[in-house]
Protein chains: 2
Amino acid sequence: MATIGDVAKVAGVSRSTASYALSGKRAISHDVRRRVEDAVRQLGYTPNAGARALATSQTRVIGLLAQFFDDEFAPAMMQYIRGVTDTARELGYDTLLVSEADGPNALRRITDSRMVDGVVLLNVAEQDDRLPVLRTAGAPGALVGLPRDTTGVDVFDLDFEEAGRAMVDHLAALGHRELLLVSQPDHVVERGGAYVWRLRDAAVAQAALRGVRLHTASAAAHQPQVGSDLRTLLEQHPDVTGLLLNNEAAAAALPSVLQTRGLSVPADLSVVGRFSDEFARNFSLPYSSVESAPDRLGSMAVRQLVRRIEGGGEVTEPHVVRYITPEIVDRGSTDRPRV
Amino acid sequence: MATIGDVAKVAGVSRSTASYALSGKRAISHDVRRRVEDAVRQLGYTPNAGARALATSQTRVIGLLAQFFDDEFAPAMMQYIRGVTDTARELGYDTLLVSEADGPNALRRITDSRMVDGVVLLNVAEQDDRLPVLRTAGAPGALVGLPRDTTGVDVFDLDFEEAGRAMVDHLAALGHRELLLVSQPDHVVERGGAYVWRLRDAAVAQAALRGVRLHTASAAAHQPQVGSDLRTLLEQHPDVTGLLLNNEAAAAALPSVLQTRGLSVPADLSVVGRFSDEFARNFSLPYSSVESAPDRLGSMAVRQLVRRIEGGGEVTEPHVVRYITPEIVDRGSTDRPRV
DNA sequence: CTGAAAGCGCTTACAG
DNA sequence: CTGAAAGCGCTTACAG
């Protein structure tokens, strides 16, 4: 592999001049610049990333901390990841993907060893073990998901409260008076999945305000359990005319459950979910939904992270907590309740 | 951040001794080793990855080249990625995930700049643009997917020929005499997705051998087109009693299609797919299938890659082309044909 | 068993 | 506008 020394030799200049000619960090005569560029082309020179990182203390790599829980729905993760990698590349960064079970340890490893300039944390819990590590790491961090303590980090998340209200309002406006909200399994909440109760509590309050009954329940995150949970819930609540789903696995399982019960949407039951449009297309889900916008959230997190990285790390702008406003994508699964 | 110099100072030894004490590459007195280890703990020392890479020419990072095509089904990708990252970590490597559209360029960038010790290529096409780049890159590479020319790389793939035969045999043994195979869209083939015709041609040959009629067709990879494709195909082939699916989107869309046509499985139609068990669970797919084992393929590719990386790069073992034997997972979606 | 020194390939003050 | 030199933080022959 050619080094900058080889480039300098071929161009007939010093190594520093070759370096400056390529970085543009000081004035270079037109002639020298040309000779250096020709040499680069001729030798197929690419700077050694490790050497550059050592000299500049910048890796141009961001760390992406994903995590996979047994009780959460894996396919949705891919879209967050693409939002991050695509935007990172657009801004000139590569992405180190870390998905090991011990998140805090992984985070410490990649920051302490200076493999990355900053990190994006996915799937952040209310009390996330990774946050204490991140705060002492020195590297800037952007989160997708809202922790209780947001000091020192930039946070991006769907406005789940508003999502809950929007779902209730949508069905209430159509005349529904008895609704059922199916959430993630309880252990997701126990583990700190705040979005579950953020959506639920707001939905409950809004239902009270609108004078509609809202039952709340949870269902598993996997087949076959989620299917039988749904069947049981529908049996327990025969008077419900509108179903709210804050559980992607339940949304994926619902079509076959309704089929076996001979229920059709929206004639017998109105349904609104909370998932992404891509998810809906992949799984052929014919349900209107609050768009969860995973790619946008991943992208926003990276943009902010890169601003911080390139802002110098010193006293810069205050940290942000930014919510995406939920929008309902209409797929024709809601109508007035049957009488 | 503490450096090895700080560690040496605190331990009262030279930097080289500190380094050797940590690497274990030469004999160290018990006393010195203890002092060095204490100093490491006290300072929270972690080696700087860039400096180490520069000194050793080893990054302990592997590059993972994923690609997302509009006409392929994204959710399946996640499992390959997890197979790679989990196994890499197990072997002491981190993973640089690259998913930009221009694969050859991305590959050149991360290998020329020495960001990675080797690469795993996902979704390899018959004539893959990334392979010429890989062959000149000097870094070892392991592929998931079978290209026409396998020189210089290690290759892992499902045995799609055997998968096609197994699907036909399974239904033929139950007495089916008229089958329909639904494959990926034609542009997947045109782009070099050899697995489409590898499975199809083997299925056709096996059907001839067994004396059963096998119709072949393709369907889109996305909703809503794939749904209407399936409806059209079922109308065109009313006498078909067994359906083979080499198209994950079609498998995901099939339940609602059958529902609207009032067909039940396996009473009216036997169905066998080709997808992973995790995929089946996530999408609630009640169809028997040839297991595509993405996590195992990703894992095998990484293991072989790491052997090459650590084997020294010189004349070592010959390259391998290894196929996973397809196994049918029974989900009760096949039975004798109705008469 | 340990240390002083060179070198990996860059960048960037310092000097002219 | 250009060059010689120092330094980033490691590892590893070389010497004792």
Those residues at least two apart in sequence (or on a different chain) that pass side-chain hydrogen bond (donor to acceptor under 3.5 Å, both in side chains) with A:Thr87 are A:Ser299

Polar side-chain atom of B:Asp86 near backbone of B:Gly83 as donor-acceptor pair, under 3.5 Å: no

Please determine, by modelled atom types, if A:Thr151 and A:Asp149 share a side-chain donor-acceptor pair under 3.5 angstrom. yes

Within the 4.5 Å heavy-atom criterion, are A:Asn48 and A:Met1 side-chain neighbours or not? no

Among residues at least two apart in sequence or on other chains, which ones pass side-chain hydrogen bond (donor to acceptor under 3.5 Å, both in side chains) with A:Thr111? none

For A:Gly152, does its backbone N or O pair with a side-chain atom of A:His319 as donor and acceptor, under 3.5 Å? yes

Between B:Arg26 and A:Gly5, the residue closer to the 5' end of DNA chain C by nearest nucleotide is B:Arg26

With heavy-atom distances below 4.5 Å as the criterion, would you say the side chains of A:Thr46 and B:Arg108 are in contact? no

What does A:Thr3 touch in the nucleic acid at a heavy-atom separation under 4.0 angstrom: a base, only the sugar-phosphate, or nothing? sugar-phosphate

Go through the side-chain N and O atoms of B:Ser16 and B:Ser19 and say whether any donor and acceptor fall under 3.5 Å apart. no

Under 3.5 Å, is there a donor-acceptor pair between the side chain of B:Arg89 and the main chain of B:Val84? no

With a 4.0 Å cut-off on heavy atoms, is A:Ser29 in touch with a base, just the backbone sugar-phosphate, or nothing at all? sugar-phosphate

Mind running a 4.0 Å heavy-atom check of residues 105-119 of chain A against DNA chain C and sending the residues that fall below it, in number order? none

Which two nucleotides bound the region of DNA chain D that has atoms under 4.0 Å from heavy atoms of chain B, read 5' to 3'? D:dG9 to D:dC14

Ignoring hydrogens and angles, tell me if any N or O in the side chain of B:Ser292 forms a donor-acceptor pair with the backbone of B:Pro294 under 3.5 Å. no

Between A:Ile309 and A:Gly118, which heavy-atom pair has the shortest distance, and what is it? CD1-N, 4.0 Å

Its dot-bracket string being built from Watson-Crick and G-U pairs below 3.5 Å, with | for another strand and [ ] for crossing, DNA chain C has the pattern |||.||||||||.|||

Donor-acceptor side-chain pairing of A:Ser99 and B:Thr85 below 3.5 angstrom: yes

Check each residue of residues 43-61 of chain A for a non-hydrogen atom within less than 4.0 Å of any atom in DNA chain D, then write out the ones that pass by number, or none. A:Leu54, A:Ala55

Give a yes or no answer on whether the side chain of A:Asp117 reaches the backbone of A:Gln58 with a donor-acceptor pair at less than 3.5 Å. no

